[in-house]
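The structure appears right after this line, and notes come after that.
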Amino acid sequence: MTESILDKVLINFDSGSLWVMNLVLGLVMFGVALEISISDFKPLWSKPKALLVGLTSQFILLPAITFLLVLIIEPFPSIALGMFMVAACPGGNISNFISYLSKANTALSVSLTAIATILAIVMTPLNFHFWSMLYEPSSSLINEISISPLEMVKLVFLLLGLPLVLGMYLNYSNPVLALKIAKKLKIVSLVFFICLVFIALYNNRVIFMDYILYVFWIVLIHNLVAFSTGYSMGRLFHLPEDSLRSITIETGIQNSGLGLLLIFTFFDGLGGMALLAAFWGIWHIISGLILATFWNRKSVVKETVA
C-alpha cells in the first residue's frame, strides 16, 4: 500500500460553516425524531428478536466485516478510516422511506432507527476507534491527529441524542404539529446539508476527480457488503420477509451525514475520509432506491416484528 495525497489533503471549514453544519444535521435528526413515538420502542420488550438481530447486524457485524474488507482490498489509510467511520454510524435518515417503498416492516425500521440513534451516542465513537486502531495504517493517522473518543461521544450526543429527545417530545405533546413540521423540515435541512457538502467537495474537485473511480468501486463493494450482511442475518434467524427487508435496509443505509460532520470536526476534513463518506451518502440513496424498486414489485405478507 502506498501513501496517497488523500491521506494529507484537508477540506477545511471555517468555524461559522462548521457551526452551520452542526445545526443542519441536528435539524435533520430532529425532523426524523418528529415521526418517532414512545410506542416505537415497545417491540424491544414484547418481541425483541428482529430488533436484536438488526442492531447486531448494524453495530457489531458490519464494522467487523468492514475490517475484513479493508484487510482484503488494502485501501489508502484515509479511505480505510472513512470506511470505518461509515460502518460505525447508525442507519441513515432515509432508511424508513426506503423501507416503506420496499414493502418492508416499516414499524421495525422506525424502531431500529430510534434505538440505533440512542446506541450510536456510544457505539459510533467506540466502533470507529476500536477498528481504526486495530488496522495499523489507519491507526498511524489516528495517533497523528490524537482525537478524543470522549469528545466524539459528546458531539454525537448533541447531534443525535438531544434532537431525538426534543423531536419525540413534540410528537408526544402535539403529534399533528410534529408531522406537519417533519414533512417540510427533513427535505429543507437535507437539501441544505447536501449543498454544504457539495461546496466543500467542489473546492477540491481537481484532487477528487483523480480518485473518484478508485473510491467508486470501494463504496459500491462496501455498500453491497452492508446490504448482504443485513440480509444474511435475517435469513440466518429465519425472520419474516418484511422484517428481513427492513434489517437489510437499515444495515445498508448509513448516516454518512453524521460521519461527514465528525470527519470535518475531528479530522479537519481529511480528504480520503471526506470523499468516501460523501460518495457513500450519494450512492446509498441510489442503491437503496434500486433495491426498493426490485422489492416493491415482489409481494410480501407483512407480519409483526418477530
Side-chain angles (χ1 to χ4, degrees), residues 1 6-7 25 51-92 112-113 115-161 218-219 221-223 225-230 232-233 247 250-277 280-281 284:
M1 176 176 17
L6 288 176
D7 296 331
L25 187 60
L51 278 168
L52 292 175
V53 170
L55 293 172
T56 299
S57 175
Q58 195 168 8
F59 284 120
I60 297 178
L61 280 184
L62 180 57
I65 293 176
T66 296
F67 177 76
L68 294 178
L69 182 61
V70 166
L71 290 180
I72 293 171
I73 65 178
E74 295 186 338
F76 298 133
S78 61
I79 294 291
L81 281 177
M83 294 172 69
F84 292 137
M85 179 64 79
V86 167
C89 288
L112 280 170
T113 297
I115 298 170
T117 298
I118 293 175
L119 292 177
I121 295 173
V122 173
M123 291 302 295
T124 292
L126 180 64
N127 263 327
F128 173 74
H129 192 264
F130 175 78
W131 294 108
S132 296
M133 294 302 293
L134 203 60
Y135 184 59
E136 196 278 329
S138 61
S139 68
S140 299
L141 280 178
I142 293 287
N143 289 330
E144 288 178 16
I145 300 169
S146 300
I147 66 169
S148 167
L150 181 58
E151 289 301 314
M152 193 178 288
V153 168
K154 292 178 181 177
L155 180 60
V156 175
F157 171 75
L158 290 175
L159 295 174
L160 297 185
I218 292 177
V219 170
I221 294 170
H222 192 196
N223 185 231
V225 165
F227 279 127
S228 300
T229 299
S232 299
M233 280 292 287
I247 291 173
E250 289 294 324
T251 309
I253 304 292
Q254 296 295 89
N255 193 338
S256 55
L258 171 64
L260 272 172
L261 193 48
L262 294 176
I263 291 166
F264 285 127
T265 301
F266 293 101
F267 296 89
D268 295 324
L270 187 61
M273 294 184 75
L275 181 59
L276 188 290
W280 178 287
H284 77 175

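Bear in mind the structure is a predicted one, so any value in this text is a computation, not a measurement.
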Rounding to 0.5 Å, atoms CD1 (Ile65) and OG1 (Thr229) come to a distance of 3.5 Å
Scanning both residues in full, the closest heavy-atom pair of Ala116 with Gln58 reads CB-OE1, 3.8 Å
Output for pair (Leu55 CG, Ile115 CD1), nearest 0.5 Å, gives 6.0 Å
In this structure, NE2 of His222 is separated from CH2 of Trp280 (nearest 0.5 Å) by 4.5 Å
Heavy-atom closest pair (Thr56 atom, Met233 atom, distance to 0.1 Å) is CG2-CE, 4.1 Å
Ile121 meets the side-chain contact (heavy atoms from CB on, under 4.5 Å) criterion, sequence neighbours left out, with Val153, Val156, Phe157
Checklist entry - Any sub-3.5 Å donor-acceptor pair from Thr66's side-chain atoms to Leu62's backbone N or O? => result yes
Can you find a heavy atom in the side chain of Leu134 that is under 4.5 Å from one in the side chain of Ser139? no
Output for pair (Thr117 OG1, Asn255 CG), nearest 0.5 Å, gives 7.5 Å
Is the distance between the ring centroids of Trp131 and Phe84 less than 6.0 Å? no
**Request:** Say whether, by atom type as modelled, one donor and one acceptor occur between the side chain of Glu250 and the main chain of Gly91 under 3.5 angstrom.
**Result:** no
OG of Ser57 to CD1 of Ile247, rounded to nearest 0.5 Å, is 7.0 Å
When every non-hydrogen atom of Gly272 is compared with those of Ile79, the smallest separation belongs to O-CD1, 3.5 Å
inquiry  = Quick check against the 3.5 Å criterion: does Thr251 have a side-chain atom that pairs as donor or acceptor with the backbone of Ala226?
reply    = no
Leu258 and Pro90 have their tightest heavy-atom pair at CD2-CD, 3.7 Å
In terms of heavy-atom contacts, Glu74 and Tyr135 come closest through CA-OH, 3.9 Å
- Query: Is a side-chain N or O of Ser138 found less than 3.5 angstrom from the main chain of Ser132, in a donor-acceptor match?
  - Reply: yes
Between Asn223 and Gly252, the two heavy atoms sitting closest are ND2-O, 2.9 Å
Distance col, row Met123:CE vs Leu126:CG, nearest 0.5 angstrom, shows 5.5 Å
- Is Thr124 close to Leu262 at the side-chain level, that is, under 4.5 Å between some pair of heavy atoms? yes
Mark yes or no for whether Asn127, through its side chain, and Ile60, through its backbone, hold a donor-acceptor pair below 3.5 Å. no
